[in-house]
Undergrad: 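Okay, here's the structure, questions in a sec.
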Amino acid sequence: MDHVISTLSKTPLHDWHAAHGGRMVDFAGWSMPVQYSSIVTEHNATRTAAGLFDVSHMGRLKFTGAESEMLLDSLVTRQIVGMPTGQVRYALVTNEQGGILDDVLVYHLPQGRSGSYYLMVVNASNREKIVGWIPQWIGEHADVQFTDVTVDTAMIAVQGPLALKLLQPHVDGGLNTLKYYHAAEMRIDGELGIVSRTGYTGEDGFELIVLATIAGGIWEGILKDGQSQGAIAAGLGARDTLRLEAAMPLYGHELNEEINPLEAGLGFAVNLEGRRFPGSEALAAVKRQKPERVRVGLEMAGKRVPREHFPIFAGGAAAAAQQIGEITSGTFSPTLQKPIAMGYVPPQFAPVGTELSIDIRGTREAAKVVKLPFYRRAS
């Protein structure tokens, strides 16, 4: 196992994780902490105080040049032309069939007195795929410089109701006025970095992008200041249970190249009118005809937890068996204290309250469709 881990990519915070009890696992080719204490402890700390997550494994791609806006607009499902500086937009990169190559965040940030640049944050598992996908579209946009800055930088997520309070002493001004899904270059502990009010937990929070060389000091400083208030380091396990409660799709589970954004419930991130991008015609056809399957939330009647690929059946546990779909993610929700899951079913089985059942290791267990998200923070 040690030999396997040694061949993996390491984030700038890797040694800190290993020295502080992080249980390191292979995640998309990176050695990452899945947990330090327990997933439930880290989950609950994020819901009630703050959790610090190393998300440096996420890919960070920088676009400069006058035609960057046009390139990105022709590449992703969300309109980028006219996007104000300081804004962050969730979007998808799709293939010609409308299947999802990745879900991404596009940042538009000011540079100098009059210029600007774009940053695209991609999933670690898809970084090489997207880096390979982009160059074929640059040909039409000569004035674009595209750089993968992943290994030169680190990315830290500070999430939870105390995130703003914890970060304010470390950031030079303007943090409390930063709106949701907005970003700015700010000084973090005296060093220039990027701060965005984004996250993947369902809580308020921020994501910091800083140079790899200074990431350790920033991480330790925030954690030291926050410990007395209940802030702790959290791993990938808690990140997964938190995002599932918030009904945020995960690539490789709710999203893949065989699933399109409209059936995934991501129509808000697909702007078709007056635009062309890979898959736009296929998605326009899906929109006209309606998706054949849709993503739903499921709540179990009992205590058994459904897992990925478990079959979903029409009707309750005693109904005649007719498989209609399968689970994409499932867990026991630490916040709600019940098993929850997401999966895909035909639209006629998607209304809230519909009774279904899930085959859990040979036994059909009752479930019902519930409104997403499972958890929504108090505003």
Side-chain angles (χ1 to χ4, degrees), residues 46-53 55 58 60-63 68-69 72-73 76-92 103-122 153-189 191-210 218 222 225-226 229 231 239 242-243 245-249 265-271 372-373 375-379:
T46 307
R47 288 273 181 256
T48 58
L52 265 71
F53 300 80
V55 290
M58 303 287 283
R60 291 170 292 285
L61 314 178
K62 186 175 182 179
F63 299 81
S68 296
E69 177 187 62
L72 289 167
D73 196 76
V76 302
T77 58
R78 196 84 175 266
Q79 183 170 319
I80 303 302
V81 169
M83 178 176 167
T85 53
Q87 200 167 79
V88 181
R89 280 187 182 161
Y90 177 83
L92 302 119
D103 62 331
V104 304
L105 292 182
V106 178
Y107 294 53
H108 187 199
L109 293 162
Q111 186 169 44
R113 293 184 176 180
S114 57
S116 67
Y117 68 96
Y118 293 85
L119 196 69
M120 180 188 285
V121 176
V122 305
T153 56
M155 193 167 182
I156 298 168
V158 185
Q159 301 283 296
L162 296 185
L164 175 61
K165 181 181 178 182
L166 292 184
L167 269 184
Q168 276 185 313
H170 297 271
V171 178
D172 288 354
L175 195 66
N176 61 333
T177 60
L178 194 65
K179 296 178 182 177
Y180 190 51
Y181 267 71
H182 283 70
E185 288 190 349
M186 297 181 178
R187 292 206 171 270
I188 307 162
D189 288 341
E191 302 286 350
L192 194 62
I194 297 168
V195 182
S196 63
R197 199 160 196 165
T198 52
Y200 194 53
T201 62
E203 296 299 333
D204 188 19
F206 301 85
E207 292 177 309
L208 318 178
I209 298 173
V210 298
I218 290 171
I222 297 168
D225 289 353
Q229 299 170 71
R239 193 165 183 255
L242 289 158
R243 71 90 195 169
E245 287 184 349
M248 294 177 170
L266 302 175
F268 73 92
V270 179
N271 305 139
L372 294 177
Y375 164 85
R376 190 186 299 274
R377 73 176 185 268
S379 54

Undergrad: Would you sort out whether Leu175 and Phe206 count as a side-chain contact (heavy atoms from CB on, under 4.5 Å), showing the intermediate values?
TA: CA-CA 9 Å; Leu175 195 66; Phe206 301 85; 3.7 Å; yes

Undergrad: For His170 and Leu208, run side-chain contact (heavy atoms from CB on, under 4.5 Å): C-alpha distance rounded to whole Å, both residues' side-chain angles, the deciding distance at 0.1 Å, then the answer.
TA: CA-CA 11 Å; His170 297 271; Leu208 318 178; over 6 Å; no

Undergrad: Could you tell me which non-hydrogen atom of Leu178 sits nearest to which non-hydrogen atom of Arg197, and how far apart they are?
TA: O-NH1, 2.8 Å

Undergrad: What distance separates Leu162 CG from Asp204 CG, expressed to the nearest 0.5 Å?
TA: 10.5 Å

Undergrad: Mind checking side chain to side chain donor-acceptor pair (under 3.5 Å) for Thr85 and listing every partner two or more places apart, or none if nothing turns up?
TA: none

Undergrad: Could you go step by step and tell me if Glu69 and Met83 meet the side-chain contact (heavy atoms from CB on, under 4.5 Å) rule?
TA: CA-CA 9 Å; Glu69 177 187 62; Met83 178 176 167; 5.7 Å; no

Undergrad: What distance do Ile209 atom CD1 and Lys62 atom NZ have between them, rounded to the nearest 0.5 Å?
TA: 10.5 Å

Undergrad: Take atom CZ of Arg376 as the centre, draw a 6.0 Å sphere, and report whether it contains more than 12 heavy atoms from other residues, nucleotides or ligands.
TA: no

Undergrad: With side chains defined as the heavy atoms from C-beta onward, is the minimum distance between Met58 and Glu207 less than 4.5 Å?
TA: no

Undergrad: Excluding sequence neighbours, so at least two apart, what forms ring-ring contact (aromatic ring centres under 6.0 Å, His included) with Phe63?
TA: Phe146

Undergrad: Are the side chain of Arg47 and the backbone of Gly202 linked by a donor-acceptor contact shorter than 3.5 Å?
TA: no

Undergrad: To the nearest 0.5 Å, what is the distance between CG (Leu167) and CG (Asp189)?
TA: 9.5 Å

Undergrad: To the nearest 0.5 Å, how far apart are CD in Glu245 and CD in Glu203?
TA: 9.0 Å

Undergrad: Of all the heavy-atom pairs spanning Leu372 and Ala247, show the shortest one and how long it is.
TA: CD2-CB, 3.8 Å

Undergrad: Minimum heavy-atom separation for Tyr117 to Pro110, with atom names?
TA: CE2-O, 3.7 Å

Undergrad: Would you sort out whether Leu242 and Tyr375 count as a side-chain contact (heavy atoms from CB on, under 4.5 Å), showing the intermediate values?
TA: CA-CA 9 Å; Leu242 289 158; Tyr375 164 85; over 6 Å; no

Undergrad: Enter the distance from Gln111:CD to Arg113:CZ here, rounded to the nearest 0.5 Å.
TA: 14.0 Å

Undergrad: To the closest 0.5 Å, what do you measure between CG (Leu266) and OH (Tyr90)?
TA: 4.5 Å

Undergrad: Among side-chain atoms of Thr46 and Gln159, is any donor-acceptor pair under 3.5 angstrom?
TA: no

Undergrad: Taking only residues two or more places apart in sequence, or in another chain, which ones meet Tyr107 in a ring-ring contact (aromatic ring centres under 6.0 Å, His included)?
TA: none

Undergrad: To check you understand the geometry: which heavy-atom pair defines the closest contact between Val76 and Met120, and what is its length?
TA: CG1-CE, 3.9 Å

Undergrad: Answer yes or no: is there a donor N or O on one side and an acceptor on the other, between the side chain of Arg89 and the main chain of Gln79, under 3.5 Å?
TA: yes

Undergrad: For Pro373 and Ala246, work out which heavy atoms get closest and say how close.
TA: CB-O, 3.4 Å

Undergrad: For residues Arg78 and Ala91, report the shortest heavy-atom separation together with the two atoms involved.
TA: CB-CB, 3.5 Å

Undergrad: Do any N or O atoms from the side chain of Arg243 and from the backbone of Met248 form a donor-acceptor pair under 3.5 angstrom?
TA: yes

